[in-house]
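Inspection log for the structure reproduced underneath, given as C-alpha cells.
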There are 2 protein chains.
Amino acid sequence: MKPDLFPRRSDCPINYALETFGDKWTLLIIRDLMFKEKTYYGDFLSSNEKMSTNILADRLKRLEERDLVTKTVDENNRAKSIYALTEKGKDLLPMLMEITLWSGKYYKKTNTPKQFLKQLENDKQGVIEGIRTNWES
Amino acid sequence: MKPDLFPRRSDCPINYALETFGDKWTLLIIRDLMFKEKTYYGDFLSSNEKMSTNILADRLKRLEERDLVTKTVDENNRAKSIYALTEKGKDLLPMLMEITLWSGKYYKKTNTPKQFLKQLENDKQGVIEGIRTNWES
DNA sequence: CTGTATCCTTAGGGATACTG
DNA sequence: CAGTATCCCTAAGGATACAG
C-alpha cells in the first residue's frame with residue numbers, strides 16, 4: 001500500500017478521515033460501490049444526487065490516490081473501466097452502517113425501510129448482503 | 001425536536017448525514033464536544049486544525065439549527081455561551097468510534113494510542129470515559 | 001475573551017462542449 | 001458511453017478588524 005503523503009492539519013484520526021473522504025460527494029461513491037454494486041462511470045452519474053462529471057472524475061481520482069478504490073480496464077469492453085473498493089474502502093462498512101442507523105433514527109424521510117434498520121441494529125456484522133438486497137435506489 | 005426542513009438532494013440516509021455534517025470542519029467540533037469536553041467558543045478555536053472564527057461561528061449555527069448542539073448562556077459569565085451536544089449529537093458516538101478504528105488501522109501517524117484502538121475494538125460500548133482520558137490533544 | 005463582520009482569494013461545482 | 005476540459009459563477013474559508 002502506498003504511504004499517505006498528503007498535507008494534514010493534524011494527526012487526529014477524525015481529521016484523517018475528513019481529509020480522506022470529508023466532503024459532500026465522496027461518500028456517495030463509496031455508498032454506490034458498497035451497497036449498490038455500481039462499477040462503471042455512468043452508474044455513479046445516474047444516482048439520485050446528480051453529481052456532475054467533473055466532480056465524479058475528480059473524486060474517483062482522489063479515491064484512487066488514497067487507495068480506497070481501484071480502477072481496472074474492463075476486458076469485455078476495453079474502452080471502459082471497472083471501479084471497485086479496496087480493503088481499505090470496504091473497511092468503511094461499519095462506519096456507513098452507523099451513519100445509516102443514525103440517519104434512520106433522526107431523518108424521518110429516509111428511504112431505508114424501518115425493519116431493515118432494526119435488523120441492522122441487531123446484527124451489525126455480516127449484513128452487507130442484506131443491505132444490497134434491501135436498499136432502495 | 002424541530003423538523004428537518006432543509007433542501008435535500010435525495011432521501012438516502014448517507015446523503016442526509018452528509019448534508020448535516022459533511023464538510024471538512026463540522027465533525028471536528030463534534031469531536032471536541034464529545035471527547036475533549038470543550039464547551040466554549042475559544043476552546044474550539046484552540047484545536048490543532050486552526051479553524052478560523054467565521055467558519056466556527058457558521059458551523060456552530062448550523063449545528064444548532066440541525067439540533068446537534070445547544071447553546072446556553074453561562075450563568076457564571078453571562079458574556080459567554082456553553083455549547084453542548086444534544087442526544088442527536090451524542091448519538092454520533094458509534095460513528096466516531098468506527099471512524100477512529102478505521103483511521104487507526106490505515107493512518108500510521110494517528111495520535112490515538114495503539115492499545116486504546118485495541119480496547120475500542122474489543123469494547124465498542126461504554127468507552128466514552130476511556131476515550132476522554134486517553135485521547136491526545 | 002466572545003463573537004460578528006468584512007475583505008478578498010481560492011476551491012467547489014453546475015452546465016456543457018468535446019474527444020475517443 | 002467513458003472520460004476530459006472549459007467556462008463561469010458561487011461557496012468556502014483565511015486574515016484581520018472590530019464591537020460588546
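These figures come from a predicted structure and were not determined experimentally. Below, chain A is the first sequence line, B the second, and so on; all start at residue 1.
B:R8 forms a cation-pi arrangement with A:Y107, by the criterion of a distance under 6.0 Å to the ring centre and an angle within 45° of the ring axis.
Distances shorter than 4.0 Å separate some side-chain N or O of B:Y83 from OP1 or OP2 on C:dG3.
To the nearest 0.5 Å, atom NZ of residue A:K24 and atom CZ of residue B:R9 are 7.0 Å apart. Taking NZ of B:K105 as the start and CG of B:L117 as the end, the distance is 12.0 Å to the nearest 0.5 Å. Between the CG atom in A:L101 and the CG atom in B:D91 there is a gap of 10.5 Å [rounded to 0.5 Å].
As rounded to whole Å, 7 Å separates atom P of C:dG3 from atom OH of B:Y41. Here C:dC1 presents its P atom at 10 Å from CG of B:L45, a figure rounded to the nearest Å. Taking atom CD1 of B:I55 as the reference point, atom C1' of C:dG12 lies 14 Å away to the nearest angstrom. Between A:D58 atom CG and C:dG12 atom P there is a gap of 7 Å when expressed in whole angstrom units. Distance A:K61 NZ to C:dG12 P: 12 Å, rounded to the nearest Å. We find that CG of B:D43 is positioned 11 Å from P of C:dC1, with the value rounded to whole Å. Regarding B:L56, its CG atom lies at a distance of 14 Å from the P atom of C:dA5, rounded to whole Å. A:E49 has its CD atom 12 Å from the P atom of C:dG14, to the nearest Å.
Running 5' to 3' along DNA chain D, contacts with non-hydrogen atoms of chain B at under 4.0 Å begin and end at D:dG13 to D:dT16.
A:Y41 is listed as a side-chain neighbour of A:T53, based on a closest heavy-atom distance under 4.5 Å. Here the side chains of B:I29 and B:F21 are not in contact, with every heavy-atom distance at 4.5 Å or above.
Note on A:L33 and A:L45: same hydrophobic cluster, where clusters join Ile, Leu, Val, Met, Phe, Trp and Tyr whose side-chain heavy atoms are under 4.5 Å apart, directly or indirectly.
Contacts between residues 17-29 of chain A and DNA chain D, counted as heavy-atom distances below 4.0 Å, involve no residue at all.
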Dump every N/O contact between nucleotides 16-20 of chain C and the protein below 3.5 Å, one line per pair.
{"unit_1": "C:dT16", "atom_1": "O4", "unit_2": "A:T53", "atom_2": "OG1", "d": "2.9"}

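Using a 4.0 Å heavy-atom cutoff across all strands shown, A:R78 reaches no nucleic acid atom at all.
A:K88 contributes no side-chain N or O that, together with a main-chain N or O of A:L85, makes up a donor-acceptor pair within less than 3.5 Å.
With sequence neighbours excluded, the residues that form a side chain to side chain contact (heavy atoms under 4.5 Å, CB included) with B:I82 are B:T39, B:Y40, B:T72, B:D74. Qualifying side chain to side chain contact (heavy atoms under 4.5 Å, CB included) partners for B:S47, counting only residues two or more places apart in sequence or in other chains: B:R31, B:D32, B:K38, B:E49. Looking at residues two or more places apart in sequence or on another chain, you find a side chain to side chain contact (heavy atoms under 4.5 Å, CB included) between B:K71 and B:E64, B:S81, B:Y83.
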